[in-house]
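Structure first, then comments.
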Amino acid sequence: MTSTDVKSAVRADSGLLDVRGVQKTYYGSGRTVEAVRDLTFSVGTGELACIVGPSGAGKTTLLKCIAGLLPPTGGEVRLGGARVQGPPPGMAVVFQEYGRSLFPWMTVADNIALPLKQKRTPKPRRAALVAEALESVGLRDVPHAYPWQLSGGMQQRVAIARAIAYEPDVLLMDEPFAAVDAQTRAELEDLTRSLWRNLGMTVLFVTHDIDEAVYLGQRVLVLSGSPTVVMEDVAVDLPAEREQLSTRALPRFAELRAHVYEQVQRAKTFHTAPAAGASA
Amino acid sequence: MTSTDVKSAVRADSGLLDVRGVQKTYYGSGRTVEAVRDLTFSVGTGELACIVGPSGAGKTTLLKCIAGLLPPTGGEVRLGGARVQGPPPGMAVVFQEYGRSLFPWMTVADNIALPLKQKRTPKPRRAALVAEALESVGLRDVPHAYPWQLSGGMQQRVAIARAIAYEPDVLLMDEPFAAVDAQTRAELEDLTRSLWRNLGMTVLFVTHDIDEAVYLGQRVLVLSGSPTVVMEDVAVDLPAEREQLSTRALPRFAELRAHVYEQVQRAKTFHTAPAAGASA
Amino acid sequence: MTLQPRRAGPPPAPHPRSRTRTGALPEPLLGLLGLVLLAGVLEVLPRTGVVSADYLPPFSEIADALVGVAGEESFWQALLDTAEGWGYGLAIAVGVGTGLGLLIGSVEVLRRATASTIEFLRPIPSVALVPLAVLVYGTGLESTLLLVVYAAVWPVLLQMLAGVRDVDPVARDTAASYRFTRWARLRHVTWPTALPYLMTGVRLSASVALILAISSQLIIGSPGIGKEIALAQSSNAVEEMYALVIVTGALGVCVNVAARALERRVLAWHTSVRTEAVT
Amino acid sequence: MLKAGARAFLHLFGLPAALLALWWFFAARSDSFYYPTLNEILSAFGETWFSSRIVDDVLPSLWRLAVGYLGAVVLGVTLGVLLGSHRQLRALLEPVLEFFRAIPPPVLIPVLMLFSGIGDSMKITVIIVGSVWPVMLNTVEGVRAIDDVLADTARCYGITGAARLRRLVLPAASPQIVAGMRQALSISIILMVISEMFASSSGLGFAIVQFQRSFAIPEMWSGILLLGLLGFALSLLFGLLESRVLHWHRGLRQSQKGEK
Amino acid sequence: ACGSDSGGGGKSGSGKADITLGVIPIIDIAPIKLGVKKGFFAEQNLNVKLQESQGGAAIVPAVVSGDYQFGYSNIVSLLVAKSKGVPVKMVSVGARASDDELDDGSGQLMTSSSSINTVADLAGKKIAVNTLKGINEVAVRTSLEKSGVPGDDVSLVEVPIPNMPAALKSGDVDAAMMGEPFVTVAEKQGAHPVPVSYAAMGKQMPFAGWFVAERYAADNPEVVKRFTTALEKSLRYAEEHPDEARATLDSYLKLDEGVSAAVTLPGWDPTTSRDEIENLAKLTVDAGLIDDLKPLDALLDQ
Ligand SMILES: Nc1ncnc2c1ncn2[C@@H]1O[C@H](COP(=O)(O)OP(=O)(O)OP(=O)(O)O)[C@@H](O)[C@H]1O
Ligand SMILES: Nc1ncnc2c1ncn2[C@@H]1O[C@H](COP(=O)(O)OP(=O)(O)OP(=O)(O)O)[C@@H](O)[C@H]1O
Ligand SMILES: [Mg+2]
Ligand SMILES: [Mg+2]
């Protein structure tokens with residue numbers, strides 16, 4: 001299949017993501033880890049799904065398989081009907097290792113502009129997108145700094161800015177707000193939702209913060225501990241208009257939150273041999 | 001002053017930490033940032049103080065100055081009466097960039113054991129400490145893996161395990177739980193408190209999670225946005241015995257939480273020209 | 001650094017270069033000092049009879065000869081000839097080595113398929129190829145170039161191969177996920193990662209190329225410093241020979257100064273440069 | 001399994017075989033005295049090297065090579081670590097070292113002869129002096145590029161002195177050091193040859209030069225062939241060492257590729 | 001590259017021909033320099049360019065490939081080359097040994113050791129020669145055999161001539177086979193000659209010659225003829241005017257003050273007789289460098 005074929009197929013139904021029986025085992029020097037055992041779910045075009053699960057469950061692995069960066073050992077990922085075999089067009093990823101995903105040899109602005117250049121975004125539009133993205137993550141002042149001159153949280157926000165400036169059809173985010181302060185986090189959450197609603201992207205959002213998952217998502221997928229399966233798929237039936245204080249104050253929010261929390265707690269001991277039970 | 005002098009001085013009052021008028025400006029290629037303007041506070045021996053503040057406020061910078069890794073541009077840090085000019089003995093640091101702070105050429109167990117070897121901990125004791133520390137962060141199964149074979153959260157927990165196995169007098173932690181899931185986070189919080197109480201360490205804990213700061217600390221220092229000053233020093237008058245559910249359910253907890261939240265919100269716009277320091 | 005704690009207020013504006021410890025010389029001066037010390041050693045060794053002044057004359061005499069040599073027009077012509085063979089050779093070697101390195105390094109199949117051949121060809125000394133070079137290209141510049149390029153291409157190529165391998169997987173994934181074209185990946189990810197390696201490769205190559213340019217003049221007799229050295233040698237003009245050797249060494253020092261300056265510009269972002277820059 | 005083996009074989013010998021075939025083709029139709037046919041070279045190879053020369057020439061050469069190479073590695077790493085970690089020292093010594101680096105061995109050898117005579121020690125010195133540079137430069141750069149967070153971590157935990165060297169500096173710089181050692185390997189072989197051109201009465205380089213001087217061209221080519229084979233064999237050995245020392249780096253760099 | 005006409009390297013005929021000579025920068029080639037200066041080559045309509053190389057490694061292939069038209073080499077090397085089938089032939093004698101086996105400027109064994117005075121004293125000693133398997137080795141072995149010492153009872157090592165005085169002084173070698181100006185240099189440093197020299201192989205024995213590629217000789221007999229004529233004239237002139245020859249030395253060597261007046265010059269009688277050269281060839285056979293005299297015929301024939 002040529003790349004134009006893929007492209008047009010994706011355009012047709014560019015966001016429909018289908019994860020079918022994905023299985024991933026890492027074979028390393030003497031260490032074999034079955035990170036993901038059997039994951040099957042799908043995310044419709046324009047949906048915003050959050051993924052929670054214990055540390056080491058395989059969330060990052062799953063995201064990489066979806067992004068076409070890692071070939072699954074079994075099963076397949078389909079995006080817009082086509083099988084994902086390499087990074088599909090129109091997809092942006094915010095990596096958990098944000099620090100290493102920024103190019104240290106480029107300034108912040110260049111880091112954000114480069115993917116746009118790759119997309120052949122015209123120059124004036126590019127400059128506007130970069131400035132806008134930086135503005136929206138609260139980094140208006142640093143376009144000419146290098147990533148290593150920034151604090152952890154600022155680096156992470158640069159990575160986010162790069163992804164949103166790209167205006168992707170599908171956005172994968174791996175714990176994107178882990179290093180920012182509470183208030184910035186809230187702002188970024190709202191930013192994510194508004195971008196999602198305005199641009200109609202499909203968003204897959206990995207987080208450890210259960211409140212965040214419930215607040216952001218239309219659905220929350222709860223993964224079990226490693227080897228990973230989908231433990232539960234919680235539909236978040238909160239109103240579409242969300243607001244930090246009022247939404248979080250809703251009784252339904254508290255219910256959902258409690259439910260997901262319970263599930264996550266169960267997730268760690270989901271498999272008969274509860275390997276990772278911290279004992280302290 | 002010889003290193004034995006420092007050592008004995010530290011032993012005398014090993015935890016008393018005195019930050020006096022610390023100022024730090026980064027002079028970089030064309031970019032000069034006044035990260036910390038004037039910080040003065042002290043943390044008594046055996047105290048547990050949390051530090052919160054907006055992203056980019058200079059928390060990491062402050063921690064590095066305290067650890068003796070970065071010479072302040074102005075002011076000084078004193079530990080146990082002696083001026084800090086290099087990393088003092090008996091101090092452990094968990095870096096925000098946990099991934100880069102693990103030695104990729106060593107297994108997880110070796111990473112934890114190495115500082116102990118440097119302290120001349122006898123071998124059997126060392127093995128016990130390593131096993132115990134791994135157990136307590138929920139990583140019993142991975143001593144022979146390399147750091148890069150682990151997930152982000154697992155790597156962070158290895159860095160934590162290394163610090164606690166070291167049994168330091170002073171423990172500096174820079175957003176140490178940012179990459180772990182909610183339940184593990186709660187467990188690690190309790191672990192930190194129990195270690196602190198049992199070993200009598202002085203702990204300085206940087207976090208973005210205001211709940212966490214209030215739950216953990218005896219004090220919460222709220223830093224302003226860059227250039228940084230101490231905005232408020234909140235004493236946490238919660239009972240010493242804390243428990244995840246009941247303590248967080250206390251009305252006083254909610255009050256403190258709300259207060260700190262408000263302060264942090266104010267912190268971002270504390271300076272009249274909020275971005276003045278960061279501009280080139 | 002002052003001992004007094006500072007109060008709030010305007011920043012104390014220490015000089016950005018304040019990191020050089022008190023009492024220490026600025027770096028170019030230090031380097032000069034090193035060279036002066038070397039000259040001192042060269043002066044003292046023969047004077048104290050550790051080596052015979054007949055074979056290693058004191059530095060002052062070499063310097064005298066150097067002044068004499070510098071007065072001759074033929075010397076400058078020779079220097080020019082050497083610089084020509086060296087410059088062209090180095091440029092070709094760096095170009096070819098970099099290109100091949102990027103190509104071979106980023107295509108796994110090529111890397112595997114060429115490894116054995118590269119390892120086979122590398123240890124073949126250029127001097128052994130003299131007859132071949134002369135036979136094919138005569139005794140002119142081309143022969144020198146062939147020998148220079150043959151020897152100087154390997155350091156660049158090998159450094160490039162090592163550098164291309166060192167790409168951070170997260171950076172690579174980032175580029176892949178944004179669907180960078182092959183060219184963009186090369187240009188924006190592989191190239192900057194390999195650049196520090198390449199810098200070392202170029203520095204290695206520069207001296208290898210100089211050495212070969214001079215050696216091949218020495219052996220083949222094409223015009224240049226090497227030929228002058230050979231002539232001085234066969235006339236037992238010891239001082240003059242060392243004077244020419246010193247010129248050779250000085251060329252090497254110049255290259256390094258240039259390379260370091262370039263490095264400070266193009267690698268300002270790299271850990272090695274930025275952690276040594278002012279903090 | 002077998003398929004993988006066959007592919008490895010093809011990778012190892014495919015290109016060399018093609019090149020040999022090319023040589024065969026061109027040499028067969030050239031009448032030049034200096035390009036003997038492959039037949040002649042191969043038969044000269046057998047006659048020349050499967051004889052007492054193995055003991056008389058090859059073994060002494062290998063011995064000098066081994067001592068010289070190891071000497072260069074030890075010296076290069078030592079100097080490199082020193083210069084890499086002390087900026088002032090580097091500023092002081094770099095020009096001097098660069099000065100010596102630029103002097104051609106054929107010019108340097110007579111000077112070395114003044115100090116170390118004309119025996120094996122001179123040849124070993126030449127090998128060391130010539131091949132120390134790639135190791136040294138790479139070590140300097142490797143040491144300078146140590147991750148700052150990692151260096152801070154070591155400082156905090158009191159990992160200083162010898163432990164710092166062993167646990168932080170050398171491993172962190174090892175990818176670069178190994179790259180330098182790989183360079184130095186072939187340079188050592190070349191310098192072994194060059195040093196044996198002076199004041200020698202045995203050795204691989206000596207033999208090759210003699211062949212060249214006495215116009216035994218097929219024999220000379222067979223010597224060059226032997227040098228190439230030697231380089232290739234040593235690089236295979238080196239690869240084993242490399243995969244041991246740098247297996248973490250391989251793993252780290254490939255970790256994202258998943259399998260393998 | 002020099003000369004304007006297209007005959008560079010020259011077709012036969014009497015037109016102007018550009019020729020390049022591959023030489024070694026030693027005193028032996030003074031006559032050529034002198035001859036060029038005197039215009040003997042211009043008389044023959046030859047435009048001569050001299051290219052200095054360190055030795056046969058570059059000269060022989062350059063002559064074979066036609067980059068140089070004529071080359072200078074010692075005859076033993078030419079015999080060896082011929083025995084291996086290198087397509088060259090010798091056109092003229094280049095230099096001869098002197099008459100005094102204790103004073104040969106081109107090849108004289110020098111020693112600093114007071115215990116070495118006769119050839120027999122050399123038994124078991126270490127001797128430096130410029131190139132093994134070359135004329136010096138033949139000279140040393142021949143002298144030893146003549147004195148009843150087995151020819152292989154010395155160990156020979158290669159040392160470049162400029163480094164020989166140092167090697168002698170440091171005791172790295174016991175004796176060294178060197179040429180001028182180093183004989184004079186070593187003498188000044190207290191070394192003395194031992195009767196092992198080119199002259200000891202045969203007084204006035206030709207030891208070096210000029211050669212061409214066979215193909216070139218066949219294609220350009222005329223140029224070769226003119227070259228040998230001019231060469232002969234130059235050699236004779238130098239032989240007859242040693243002072244002028246000495247003066248020439250300073251024009252291409254960088255000798256110390258007074259050295260050019262003190263060095264021993266080789267003989268330059270150009271008469272090429274097969275018998276004289278055959279002597280050297282026989283010695284070469286005896287030393288084991290070639291198997292028989294066939295190369296000699298090939299070298300001189302046609
Ligand atoms: N490169 C690798 N080589 C070997 N094992 C790996 C590799 N990467 C991940 N793993 C293993 O796969 C499992 C899942 O890792 P993954 O990074 O997907 O977890 P995660 O859900 O993202 O965890 P976290 O929330 O801590 O980031 C872990 O047990 C980890 O040790
Ligand atoms: N190496 C550096 N060079 C130049 N500027 C730096 C450097 N490190 C930090 N800064 C600047 O100093 C300021 C404070 O950074 P610091 O890392 O201390 O913040 P932080 O409070 O830890 O933030 P975060 O919560 O995001 O980690 C930031 O504006 C940052 O850009
Ligand atoms: Mg992860
Ligand atoms: Mg920080």
Side-chain angles (χ1 to χ4, degrees), chain C residues 24 27 30-35 37-38 51 55-56 112-117 119-125 127-128 131-132 135 154-155 158-159 162 165-167 169-170 172-173 196-197 200 203-204 207 210-211 214-215 218 226 229 245 248-253 255-256 270-272 275-276, chain D residues 11-16 19 32 34 87-88 91-96 98-107 110-111 114-115 133-134 137-138 141 144-148 175-176 179 182-183 185-186 189-190 193-194 197 208 212 220 224 227-232 235 252-257:
Chain C
E27 287 186 11
L30 264 181
L32 218 57
L33 177 70
L35 289 177
L37 286 179
L38 174 66
V51 288
Y55 314 123
L56 183 60
R112 282 170 196 269
T114 52
S116 58
T117 309
E119 296 302 336
F120 179 90
L121 291 177
R122 276 197 313 136
I124 294 174
V127 274
L132 187 72
L135 206 62
W154 304 118
L158 249 78
Q159 292 290 119
R165 262 194 164 183
D166 204 27
V167 171
V170 180
R172 189 179 52 216
D173 278 358
Y197 282 85
T200 306
R203 288 176 63 207
L204 283 169
S207 58
L210 180 60
I211 286 173
I214 298 219
S215 303
L218 216 106
I229 290 179
V245 170
T248 313
L251 286 177
V253 176
V255 177
N256 189 56
H270 192 250
T271 325
S272 60
T275 51
E276 279 173 4
Chain D
H11 282 144
L12 267 186
F13 299 107
L15 187 57
L19 290 178
S32 171
Y34 281 91
R87 199 180 173 198
Q88 305 269 317
L92 180 71
L93 290 186
E94 202 168 73
V96 176
E98 292 300 321
F99 178 85
F100 282 112
R101 203 156 70 80
I103 298 179
V107 179
V111 184
L114 295 178
F115 293 95
W133 308 116
L137 290 193
N138 271 295
E141 298 312 319
R144 286 177 68 201
I146 292 176
D147 189 292
D148 37 351
Q176 299 241 54
R182 203 173 248 288
Q183 301 252 17
L185 191 60
S186 62
I189 298 178
I190 291 175
V193 173
I194 292 184
M197 291 179 175
I208 291 177
Q212 199 179 51
M220 182 195 86
I224 289 178
L227 282 182
L229 291 176
L230 179 64
F232 176 56
S235 88
L252 177 65
R253 286 312 183 211
Q254 291 181 346
S255 67
Q256 238 77 130
K257 286 187 190 161

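The figures that follow rest on heavy atoms only: side chains count, while hydrogens, waters and symmetry mates do not. Letters go in sequence order (proteins before strands), and every chain restarts at 1.
- Summarising the geometry, atom CD belonging to Glu141(D) is positioned 11.5 Å from atom OG1 belonging to Thr271(C); distances are rounded to the nearest 0.5 Å.
- Using a 4.5 Å heavy-atom threshold, the side chains of Glu119(C) and Arg182(D) count as touching.
- Heavy-atom distances place the side chain of Leu210(C), and not its backbone, under 4.5 Å from chain D.
- Side-chain atoms of Gln159(C) and Asn138(D) include a donor-acceptor pair closer than 3.5 Å.
- Using a 4.5 Å heavy-atom cutoff, the side chains of Tyr197(C) and Gln176(D) are in contact.
- When heavy atoms are compared at a cutoff of 4.5 Å, Val96(D) approaches chain C by way of both its backbone and its side chain.
- Each of Val253(C), Thr248(C), Asn256(C) was scored for a side chain to side chain contact (heavy atoms under 4.5 Å, CB included) with Phe99(D), with one residue passing: Val253(C).
- Contacts between Leu93(D) and chain C at a heavy-atom distance below 4.5 Å are absent for every atom of the residue.
- Only the side chain of Ile229(C) comes within less than 4.5 Å of a heavy atom in chain D; its backbone stays farther off.
- The candidate with the highest count of non-hydrogen atom pairs below 4.5 Å against chain D, out of Ile214(C), Val245(C), Thr114(C), Val255(C), is Val245(C).
- Options Pro125(C), Ser215(C), Pro196(C) differ in how many heavy-atom pairs under 4.5 Å they form with chain D, and the most are formed by Pro125(C).
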Fill in: Test side-chain contact (heavy atoms from CB on, under 4.5 Å) applied to Arg144(D) and His270(C), step by step
CA-CA 10 Å; Arg144(D) 286 177 68 201; His270(C) 192 250; over 6 Å; no
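- Across Ile189(D), Leu137(D), Ile208(D), the residue that shares the most heavy-atom pairs under 4.5 angstrom with chain C is Leu137(D).
- Only the backbone of Ile146(D) comes within less than 4.5 Å of a heavy atom in chain C; its side chain stays farther off.
- Only the backbone of Ala250(C) comes within contact range of chain D, judged by heavy atoms closer than 4.5 Å.
- In this structure, the portions of Pro155(C) lying under 4.5 Å from any heavy atom of chain D include both its backbone and its side chain.
- At a 4.5 Å heavy-atom cutoff, the contact between Ala162(C) and chain D is made by side-chain atoms alone.
- Atom CG of Leu204(C) is separated from atom CZ of Arg101(D) by 5.5 Å, given to the nearest 0.5 angstrom.
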Practice prompt. Could you please spell out the steps behind the side-chain contact (heavy atoms from CB on, under 4.5 Å) verdict for Arg122(C) and Ile190(D)?
Written response: CA-CA 9 Å; Arg122(C) 276 197 313 136; Ile190(D) 291 175; over 6 Å; no
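- Contact of the Phe100(D) side chain with the Leu38(C) side chain is registered, since non-hydrogen atoms from C-beta on lie closer than 4.5 Å.
- There is no contact between Leu121(C) and chain D, counting heavy-atom distances below 4.5 Å.
- Heavy-atom pairs under 4.5 Å with chain C were tallied for Leu230(D), Asp148(D), Asp147(D); the largest tally goes to Asp148(D).
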